[in-house]
Every structure is written in structure tokens, then in C-alpha cells.
Amino acid sequence: MKLSRLILALLCLLLGAFARAEPYRIVTEEWAPYNYQQGDQLTGMATDIVRAIMTLTGDGFDITVVPSMRSSLVLMNHPNTIMYSMFRTPEREPLYKWVGPIAEESIYPYQLAGAATPVNSIEQLRQAPQITTRHAGLIPQVLEAQGFTNLDKSATSSQQLYRMLLAGRTGLIIGDTDAGVAYYSAQLGIDPGTLRRVPVALYRSALYIAFSKDSDDAKVAAWATALDQLRASGELARIQQRYARPMAYDRLP
């Protein structure tokens with residue numbers, strides 16, 4: 001009896017050690033300039049930060065790009081999963097374990113600089129014929145929660161937002177941070193001064209790295225410590241600045 005209990009205890013320890021040693025899976029989505037494909041390379045501000053963290057922690061986890069509607073589902077339904085970059089909201093708070101922030105961001109609407117009626121207030125935004133955003137995701141959810149009833153959720157990508165605005169198919173768009181607007185403007189060849197930022201921040205939050213709830217607390221703490229080291233050394237700020245400046249995208253194909 002004692003021998004069988006000892007064997008059972010050893011088996012439990014071995015299984016526990018195997019579970020802890022199981023590698024983590026990192027998922028991200030296409031959302032420039034934080035995480036995006038450039039040719040066959042995955043790059044972006046958050047990607048560089050995650051890789052810098054893994055250099056410090058000694059991790060070498062694979063990163064997989066998944067469609068935006070699947071990324072949060074993968075994080076919620078698969079063990080040992082890490083996702084970046086994610087806005088940390090009250091609704092999401094209890095669902096994951098968090099490391100960050102990796103960036104503080106605000107999201108503004110944009111219109112053409114030559115628009116006949118410059119929009120300058122939230123009242124004008126509510127009364128606008130339409131505000132075009134992507135068909136799904138956090139931003140349309142936030143705007144609907146704020147009572148906006150004039151949303152056009154027909155865009156399936158960020159690029160489509162800007163093309164619709166330039167073609168006159170909409171007068172207002174919202175979906176990207178200022179760094180994102182700089183990236184897509186460079187990618188689509190939009191001349192400086194073509195777009196005008198409406199001076200109303202409709203969303204402010206911080207971007208984080210999210211771990212699935214089953215993740216080992218020691219692993220989460222190690223990543224948090226590594227991020228603190230990047231912040232203290234100035235490397236975090238250097239990475240952020242590389243992607244914050246519009247000239248960082250001057251050489252995009």
C-alpha cells in the first residue's frame with residue numbers, strides 16, 4: 001500500500017513537472033504598427049517588445065498570426081497561451097493574467113483635411129451622417145456602448161477605412177491610434193496633411209500582453225520583471241519611438 005502511494009505521488013510530480021515544462025504558444029493579429037507582417041517577417045512595436053522580453057527570460061516560444069476574430073478565442077480556450085497586444089478593459093480584466101503596459105494609446109476619428117465641415121466636438125460626431133469603423137472588434141463595441149447610432153461597420157480592414165475616406169464614401173473614420181494612422185498613410189501613399197485628426201479622443205487605454213488564466217504565475221512574473229528591466233534601461237522607450245514617428249515608415253514598399 002505504501003509503495004503504491006509512493007509511486008502515485010511520484011507520478012503526480014512528474015506529470016506536474018511535464019505540464020509546467022510544456023511550451024507556451026504566442027498568438028497575435030494583424031494590427032499595425034504593433035503587430036503586423038512585412039513581407040514574410042512578423043514585426044511591429046509589440047512584437048519587438050515581446051521578443052526583447054523573451055531574450056531576457058530565455059524563452060523561445062513560437063509566435064503565430066491568427067485572424068483578429070480568432071485571437072481572443074484562442075487565448076480563452078487554449079492552455080498555455082499568450083496574446084499581444086490587447087487593450088486591458090474592465091470586462092477583460094478577470095479573464096486573463098496581464099503583463100504591461102507596453103504602450104499607452106488614444107484613438108481619435110479622422111476626416112479629410114479639406115472637409116467642408118470640420119468636426120471638433122463629440123456632439124458633431126454624434127450628428128454626423130456616418131462614422132465608418134471596422135466591422136468587428138473593440139472600437140465598434142466601445143462606440144456602441146457610448147450611444148453612437150451612426151456607425152457604418154462595413155470596413156473589413158484598416159486599409160479599407162482609408163480608401164473609403166479618400167474615395168468620398170465616408171466623411172469620418174475611426175479605428176487606429178496615431179501611430180497606426182502614420183503607418184497606413186505611408187503604406188497607402190497618403191500625402192502629409194491629407195488627413196485631419198478630430199480633436200476628440202473616443203478611446204484611451206493601455207496595451208498589454210495577456211496570458212491565459214491557467215498560465216503559471218512564475219512565468220507571468222518573469223515576463224513582468226523582464227518588461228520592468230526594459231523600461232528601466234530605456235530600451236522600451238527606444239522601441240516605442242521607432243514606431244511612433246511617421247518617418248519610421250518612409251521606406252515601406
Side-chain angles (χ1 to χ4, degrees), residues 11-103 105 134-142 145 153 156-158 175-177 180 203 205-228 230 236 239:
L11 181 60
C12 289
L13 287 172
L14 288 172
L15 289 174
F18 176 78
R20 287 192 296 274
E22 187 176 341
Y24 283 73
R25 176 189 184 187
I26 304 178
V27 296
T28 190
E29 59 189 17
E30 186 80 11
W31 190 43
Y34 307 98
N35 13 272
Y36 64 98
Q37 295 280 158
Q38 191 168 23
D40 59 354
Q41 297 295 317
L42 177 61
T43 186
M45 179 196 300
T47 299
D48 289 356
I49 292 170
V50 165
R51 286 175 173 154
I53 287 173
M54 288 199 288
T55 296
L56 293 176
T57 61
D59 294 318
F61 306 138
D62 291 334
I63 304 175
T64 304
V65 180
V66 298
S68 58
M69 294 305 294
R70 283 185 51 206
S71 54
S72 58
L73 292 176
V74 172
L75 180 62
M76 289 192 68
N77 297 307
H78 290 77
N80 288 353
T81 300
I82 303 166
M83 178 184 168
Y84 72 93
S85 36
M86 178 176 273
F87 282 118
R88 186 173 181 174
T89 67
E91 295 77 17
R92 292 170 172 174
E93 180 68 33
L95 301 178
Y96 313 113
K97 297 177 180 180
W98 301 91
V99 170
I102 57 176
E105 298 291 359
R134 287 186 290 270
H135 72 289
L138 179 64
I139 298 306
Q141 293 173 8
V142 166
K153 299 186 289 183
T156 57
S157 67
S158 287
D176 294 305
T177 64
Y203 187 71
S205 188
L207 289 172
Y208 279 73
I209 301 164
F211 284 69
S212 55
K213 285 287 284 187
D214 65 286
S215 298
D216 184 26
D217 287 340
K219 177 61 67 181
V220 178
W223 276 50
T225 298
L227 180 61
D228 287 341
L230 294 176
L236 181 64
I239 293 172

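Residues satisfying the side chain to side chain donor-acceptor pair (under 3.5 Å) criterion with Asp217, sequence neighbours excluded, are Lys97. For Tyr203, the ring-ring contact (aromatic ring centres under 6.0 Å, His included) partners at least two apart in sequence or on another chain are Phe87.
The only option from Ile209, Ile102, Leu75 that meets the side chain to side chain contact (heavy atoms under 4.5 Å, CB included) definition with Met86 turns out to be Leu75.
Side-chain atoms of Arg134 and Ser158 form a donor-acceptor pair, as typed in the model, at a separation below 3.5 Å. Asn80 and Ser215 share no donor-acceptor pair across their side chains, judged by distance under 3.5 Å alone. A side-chain donor from one of Glu29 and Ser71 sits under 3.5 Å from a side-chain acceptor of the other. Under the 3.5 Å distance criterion, with hydrogens and angles disregarded, no donor-acceptor pair is assigned to the side chains of Thr28 and Tyr34.
Between the side chain of Trp98 and the backbone N or O of Glu93, at least one donor-acceptor pair lies under 3.5 Å. Listed for the Thr55 side chain is no donor-acceptor partner under 3.5 Å among the backbone atoms of Ile53. Judged by distance alone, the side chain of Ser85 and the main-chain N or O of Ala46 form no donor-acceptor pair under 3.5 Å.
Inter-residue side-chain proximity for Leu227 and Ile49 is flagged as met; some heavy-atom pair is nearer than 4.5 Å. In this structure, Trp223 and Val50 have side chains that are in contact, with non-hydrogen atoms separated by less than 4.5 Å. At least one side-chain heavy atom of Arg51 sits under 4.5 Å from a side-chain heavy atom of Leu42. Asp176 places a side-chain heavy atom less than 4.5 Å from the side chain of Trp31. Using a 4.5 Å heavy-atom cutoff, the side chains of Leu56 and Leu230 are in contact. Side-chain atoms of Arg25 and Asp62, non-hydrogen and from C-beta on, never get closer than 4.5 Å to each other. Contact of the Gln37 side chain with the Val65 side chain is registered, since non-hydrogen atoms from C-beta on lie closer than 4.5 Å.
Expressed to the nearest 0.5 Å, how far OH of Tyr96 lies from OH of Tyr208 amounts to 15.5 Å. We find the OG-CG distance between Ser205 and Leu138 to be 7.5 Å, quoted to the nearest 0.5 Å. For the atom pair CG (Asn35) and OG1 (Thr47), the distance works out to 5.0 Å, reported to the nearest 0.5 Å.
More than 12 heavy atoms of other residues, nucleotides or ligands sit less than 6.0 Å from atom NZ of Lys219.
Contact between Thr57 and Ala226 at its shortest, heavy atoms only, is CG2-CB, 3.8 Å. When every heavy atom of Met54 is checked against every heavy atom of Ile26, the shortest pair comes out as SD-CD1, 3.8 Å. Annotation for Asp48 and Ile239: closest pair CB-CG2, 3.8 Å, computed over non-hydrogen atoms.
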